[in-house]
Protein chains: 2
Amino acid sequence: MTTETGHLARPTLSGSLAEAVIRMIGEEGLVAGERIGPQRDLAARFGVAVPTMREALRRLEGLGILSFRHGSGIYVGENYNRSVLPNAVLPPADRERLVELVQARVLIEPAIAHQAATVREPAAVARLADLLQDAHRCLTTGEDRLWRVNVDLHRAIADAAGNRIVAEVLDVILLLHAEDQRRILTLHGDPRADYEEHAELVRLITAGEADEVARRMHEHLTDVAGAIGPAKD
Amino acid sequence: MTTETGHLARPTLSGSLAEAVIRMIGEEGLVAGERIGPQRDLAARFGVAVPTMREALRRLEGLGILSFRHGSGIYVGENYNRSVLPNAVLPPADRERLVELVQARVLIEPAIAHQAATVREPAAVARLADLLQDAHRCLTTGEDRLWRVNVDLHRAIADAAGNRIVAEVLDVILLLHAEDQRRILTLHGDPRADYEEHAELVRLITAGEADEVARRMHEHLTDVAGAIGPAKD
DNA sequence: CATGGGAAGTGATCTAATCACTTGATCACC
DNA sequence: GGTGATCAAGTGATTAGATCACTTCCCATG
């Protein structure tokens with residue numbers, strides 16, 4: 001029970017190498033998308049053989065902190081300096097797992113919306129308006145992008161709450177079994193009603209109506225959860 | 001679409017190997033702590049050279065899905081079939097980051113407590129009583145374990161909510177910069193008051209007082225956040 | 001100016017050998 | 001007979017160098 005080291009110890013060479021690479025990225029001020037040196041140079045720099053260096057780099061690739069491109073180079077990934085990460089190699093989800101995923105959203109997102117209406121991070125609030133408009137466009141033209149836009153809208157709400165950890169948590173939840181979530185939610189959802197509810201959520205956040213937006217967000221998500229939850233397949 | 005592939009694609013050999021290993025673990029029904037075969041056998045089985053196989057395994061090690069023990073074997077780790085993972089190689093946290101961490105708890109935990117008082121997963125509720133008693137013992141004897149016990153109590157509350165995703169989220173938040181969190185919270189906290197508040201939280205959960213426990217949890221955490229938040233160092 | 005080819009840079013994989021650590025059994029000693 | 005040291009086998013860790021595959025970009029050609 002209370003043992004649990006959380007796999008944080010790194011007594012191994014490969015482990016300390018990974019740590020050293022992280023430090024190096026920080027010192028050189030590299031950001032996501034930029035290239036780190038060639039593996040051969042890195043190996044020489046840290047005084048190890050290429051395969052050993054590659055093991056350390058692969059480890060970071062698993063976390064999404066690095067990204068390999070054959071023939072091109074090794075690049076800093078999106079998850080560098082990100083705290084909460086999704087398990088990228090998760091076994092396929094059963095129905096129960098998906099229900100839990102949606103219920104987790106029911107639990108967390110109202111609180112996020114409440115905070116968003118309180119903090120109202122300007123950049124994110126501006127993006128809310130854009131996304132809403134974009135969603136409306138997709139709705140009239142029937143574009144496939146609608147799902148993505150709606151997800152981005154929920155993420156923008158989290159951004160408006162002004163807390164990176166919270167934003168990352170929601171990000172991960174929305175990313176987990178993303179395809180399954182999309183299938184299940186588009187199946188049970190009404191695009192028109194979704195849009196109206198999103199518009200109302202954005203209005204309430206902009207107006208700073210924290211309590212009301214939390215209530216509405218709860219309803220917005222409970223509708224979906226209720227539709228898929230009880231169904232036993 | 002907004003770019004962002006979420007590093008889910010695995011066109012590389014090392015990537016599909018990692019996926020295959022995950023499948024293999026599932027098929028053989030292995031659980032955390034059990035040994036997977038020797039790397040040489042695995043390499044032969046999947047028809048690749050040892051270094052290539054090791055790269056795939058290292059990638060999973062980075063995620064905490066595997067654990068290497070020199071001379072002993074390679075074992076299934078705690079994070080197998082876990083959805084939400086902590087970044088184990090995070091650069092050191094600045095003060096702002098730690099404040100966000102605590103604020104994230106303020107945001108999420110009241111909702112968790114509310115759900116816990118509603119669902120009241122029996123096993124977890126039973127553990128709550130045990131942990132409370134344990135905390136009391138630590139308090140009287142002045143043991144160092146108190147911090148760990150208190151953290152476990154918060155985690156048990158999340159378990160009582162009966163949602164694995166939510167429990168994992170809280171787990172990760174409590175694990176992030178754990179040492180910094182411990183330092184900052186023990187500095188500003190009053191062990192005696194903490195115990196009383198925890199006892200009240202447990203009582204309310206057991207009694208199913210969802211709204212009240214959410215309010216109390218919010219206060220319980222706001223006290224701490226308020227104490228460390230404004231201070232500009 | 002556009003295009004195709006080729007050279008250089010870089011990652012991907014392999015082979016095969018050696019070293020280091022763990023584990024368990026064996027065996028000597030008490 | 002029990003206890004402890006020792007050793008052998010199993011397994012991970014690291015190395016070296018070579019070769020193949022992919023990307024990028026420059027330059028010559030049309």
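Values in this document were obtained by computation on a predicted structure and should not be read as measured data. Within every chain, numbering begins at 1; the chains are lettered A, B, ... in the order of the sequence lines, protein sequences first and strands thereafter.
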*Quick one: does Glu100(B)'s side chain have a donor or acceptor within less than 3.5 Å of a partner on Ile165(A)'s backbone?*
no

*Starting at atom CZ of Arg54(A), determine the distance to atom P of dC14(C), rounded to an integer number of angstrom.*
11 Å

*asked:* Output the rounded distance in Å from CD1 (Ile74(A)) to C1' (dA12(C)).
replied: 11 Å

_Length of the CD-C1' vector between Gln39(B) and dA17(C), whole Å_ = 14 Å

*asked:* Once you apply a heavy-atom cut-off of 4.0 Å, does Arg69(A) come out as touching a base, just sugar-phosphate, or nothing?
replied: sugar-phosphate

_ring pair (Phe, Tyr, Trp, His ring centres under 6.0 Å) partners of residues 45-80 of chain A, not counting sequence neighbours, each pair once_ = none

*Hey, does Val48(B) reach any base, or is it just sugar-phosphate, or nothing, if we go heavy atoms under 4.0 Å?*
sugar-phosphate

*Send over the distance from Leu13(A) CG to dC19(C) P, rounded to a whole Å.*
17 Å

*Distance (rounded to the nearest 0.5 Å) between Ile65(A) CD1 and Leu57(A) CG*: 11.5 Å

*Would you list the pairs meeting ring pair (Phe, Tyr, Trp, His ring centres under 6.0 Å) in which at least one residue belongs to residues 136-172 of chain B, sequence neighbours left out?*
His136(B)-Tyr195(B), His154(B)-His198(B), His154(B)-His220(B)

*State whether the distance check finds a donor on one side and an acceptor on the other, under 3.5 Å, for side chain Arg40(A) versus base dG11(C).*
yes

Listed pairs under 3.5 Å, donor-acceptor, residues 20-39 of chain A side chains, sequence neighbours left out:
| unit_1 | atom_1 | unit_2 | atom_2 | d |
| --- | --- | --- | --- | --- |
| Glu28(A) | OE2 | Arg45(A) | NH1 | 3.4 |
| Glu34(A) | OE1 | Val31(A) | N | 2.9 |
| Arg35(A) | NH1 | Ser72(A) | O | 3.3 |

*Taking the side chain from Gln181(B) and the backbone from Ile173(B), do they hold a donor-acceptor pair closer than 3.5 Å?*
yes

*Under the salt bridge (charged side-chain N to carboxylate O under 4.0 Å, His left out) rule, what pairs show up with a residue in residues 124-139 of chain A, not counting sequence neighbours?*
Arg127(A)-Asp159(A), Asp134(A)-Arg137(A), Asp134(A)-Arg145(A)

Polar atoms only, N or O, under 3.5 Å: list the protein pairs with nucleotides 6-9 of chain C and their distances.
| unit_1 | atom_1 | unit_2 | atom_2 | d |
| --- | --- | --- | --- | --- |
| dG9(C) | N2 | Gly71(A) | O | 2.8 |

*Pairing of Glu55(A) and Arg58(A) as salt bridge, 4.0 angstrom limit*: no

_Students should find this one: the first and last nucleotides of DNA chain D, 5' to 3', lying under 4.0 Å from a heavy atom of chain A. What are they?_
dT14(D) to dT24(D)

*Return the 5'-most residue of the pair Tyr75(A), Gly47(A) with respect to DNA chain D, ranking by each residue's nearest nucleotide.*
Gly47(A)

*Salt-bridge test for Asp180(B) and Arg97(B): reply yes if a basic N is under 4.0 Å from a carboxylate O, no otherwise.*
no

*Are any of Thr52(B)'s side-chain N or O atoms less than 4.0 Å away from OP1 or OP2 of dC14(C)?*
yes

